[in-house]
Amino acid sequence: MPELPDVECLRRYVDATSLHQTIDAVAVDAPRMLKDTSAEKLRATLEGKTFRGTARHGKHLLIDVADGPWLMLHFGMTGRLDYARQEGEPPRHTRLEIRFAEGYRLVGIWQRRLGEIAIVTDPASFIEARGLGPDALDLGLDAFEQLFAGRRGTIKSALMDQRFIAGLGNVYSDEILFRARIDAARQARDLTDADLAELHRALLHVLRLAIERQADPERLPDSWLLPHRSTSAHCPRCGTRIEKVETAGRAGYRCPNCQA
DNA sequence: AGTACCACCTGACGGC
DNA sequence: TGCCGTCAGGTGGTAC
């Protein structure tokens with residue numbers, strides 16, 4: 001699930017639970033998820049240190065190691081975190097376990113091993129090296145419009161391109177387009193200033209509200225597309241049957257009546 | 001430059 | 001019950 005709102009919630013979770021405790025053990029059970037590092041290097045980097053803060057850019061969570069580099073986590077399609085006392089077995093699919101001296105542990109759980117664990121120097125150099133676009137929540141309307149000048153391809157592929165804007169995936173890009181009443185298949189270059197303004201408003205509204213509701217699908221308004229992502233569902237605005245549209249092998253959903 | 005497709009992983013679900 | 005294809009909210013590489 002992890003798109004920007006989910007990762008922002010995970011960031012706040014780490015802030016609320018895992019700062020300022022001495023790390024006394026680190027275990028990794030997914031060598032392929034380690035990017036440019038090794039389990040050994042990760043242990044050497046973290047053990048004996050503390051986390052002192054967090055940052056997020058798009059779907060990437062960055063954790064500041066006091067007197068050290070940053071730990072970067074990417075959650076792929078199924079990643080999440082869990083903080084609890086060290087007792088019993090960690091949850092199924094735990095791939096990363098960080099034990100704190102005070103008796104608690106923070107674990108990373110990835111059912112599928114699609115995700116990433118890395119050590120990076122700092123957020124700015126990481127963003128630069130990855131070529132990530134600006135974080136979706138950092139874009140003012142002017143910057144948003146600037147970004148679209150000369151952009152080719154469909155609006156949906158632009159929204160989902162992490163080098164263009166960081167943070168949106170399949171579900172939230174559909175949600176934003178639904179709110180703005182814009183068809184995902186439209187060419188980005190054909191959007192008018194009014195379309196872009198509407199899209200920008202929808203983007204901020206959807207992301208902010210999703211974060212406020214802890215990115216929990218159960219708590220999102222029924223007026224959103226998200227609870228109706230199925231071809232047996234109907235548009236919460238006009239009742240038209242929701243349509244499934246394949247784009248680049250991904251299943252998108254839209255209301256064929258509302259979105260033009 | 002954009003798009004299509006495959007690969008990377010694992011599990012759930014529906015059809016036969 | 002069991003096997004099999006399909007699908008799931010991500011990303012990167014490659015081939016047009």
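Just so you know, these numbers use all the heavy atoms, side chains as well, and skip hydrogens, waters and symmetry mates. Quick caveat, the model's predicted, so the values are computed rather than measured. All chains are named by letter (A, B, ...) in the order of the sequence lines, taking the proteins before the strands, and each is independently numbered beginning at 1.
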Which whole-number value in Å describes the distance from [X] [atom1] to [N] [atom2]?
X	N	atom1	atom2	value
D161(A)	dA4(B)	CG	C1'	15 Å
K156(A)	dG2(B)	NZ	P	18 Å
L114(A)	dT10(B)	CG	P	9 Å
R151(A)	dG2(B)	CZ	P	5 Å
Q111(A)	dC7(C)	CD	P	17 Å
E3(A)	dT11(C)	CD	C1'	13 Å
R189(A)	dG2(B)	CZ	P	9 Å
K35(A)	dC8(B)	NZ	P	15 Å

Can a side chain N or O of [X] be found less than 4.0 Å away from OP1 or OP2 on [N]?
X	N	answer
R113(A)	dT10(B)	yes
T78(A)	dG9(C)	no
R112(A)	dG11(B)	no
K59(A)	dT11(C)	yes
H93(A)	dC9(B)	no

For [X] and [Y], which I'm curious about, is there any donor-acceptor pair between the side chains at under 3.5 Å?
X	Y	answer
Q187(A)	R152(A)	no
Q259(A)	R254(A)	no
T78(A)	R112(A)	no

Salt-bridged, E145(A) to R151(A), with N to O below 4.0 Å?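 R151(A) and E145(A): not salt-bridged.
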Using a strict cut-off of less than 4.0 Å between a Lys/Arg side-chain nitrogen and an Asp/Glu carboxylate oxygen, indicate whether E212(A) and R208(A) qualify as a salt bridge.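 Salt bridge between E212(A) and R208(A), a charged N being under 4.0 Å from a carboxylate O: no.
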Nucleotide of [options] approaching [X] most closely (side-chain heavy atoms):
X	options	value
R95(A)	dC9(B), dG12(C), dT10(B)	dT10(B)
R152(A)	dA8(C), dT11(C), dG2(B)	dG2(B)
D6(A)	dT11(C), dT3(B), dG9(C)	dG9(C)
Q162(A)	dT11(C), dA1(B), dG9(C)	dT11(C)
M77(A)	dG2(B), dT11(C), dG9(C)	dG9(C)

With sequence neighbours excluded, residues passing salt bridge (charged side-chain N to carboxylate O under 4.0 Å, His left out) with E89(A):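 Applying salt bridge (charged side-chain N to carboxylate O under 4.0 Å, His left out) to E89(A) gives none.
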Quick one: label E116(A) by what it contacts on the DNA or RNA (base, sugar-phosphate, nothing), any heavy atom closer than 4.0 Å.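 The answer is nothing, as E116(A) stays clear of every strand by at least 4.0 Å.
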Identify whether any heavy atom of R92(A) sits under 4.0 Å from a base atom; if not, whether one sits that close to sugar-phosphate; answer base, sugar-phosphate or nothing.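 Sugar-phosphate: the residue R92(A), judged by heavy atoms under 4.0 Å, touches backbone atoms but no base.
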In whole Å, what separates the P atom of dC5(B) from that of dT6(C)?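 About 15 Å, rounded to a whole number of Å.
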Nearest-angstrom distance, P atom, dG5(C) to dA7(B):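 15 Å, rounded to whole Å.
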Just wondering, more than 12 heavy atoms not from E47(A) lying within 6.0 Å of its CD?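 Yes, because the 6.0 Å sphere around CD of E47(A) holds more than 12 heavy atoms from other groups.
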Step through it carefully: locate the ring centre of Y172(A), locate the ring centre of F178(A), and say whether they are under 6.0 Å apart.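 No - the distance between ring centres of Y172(A) and F178(A) does not fall below the 6.0 Å cut-off.
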Which dot-bracket string describes DNA chain C (Watson-Crick N1-N3 plus N6-O4 or O6-N4, or G-U N1-O2 and O6-N3, all under 3.5 Å; [ ] crossing; | other strand)? .|||||||.|||||||
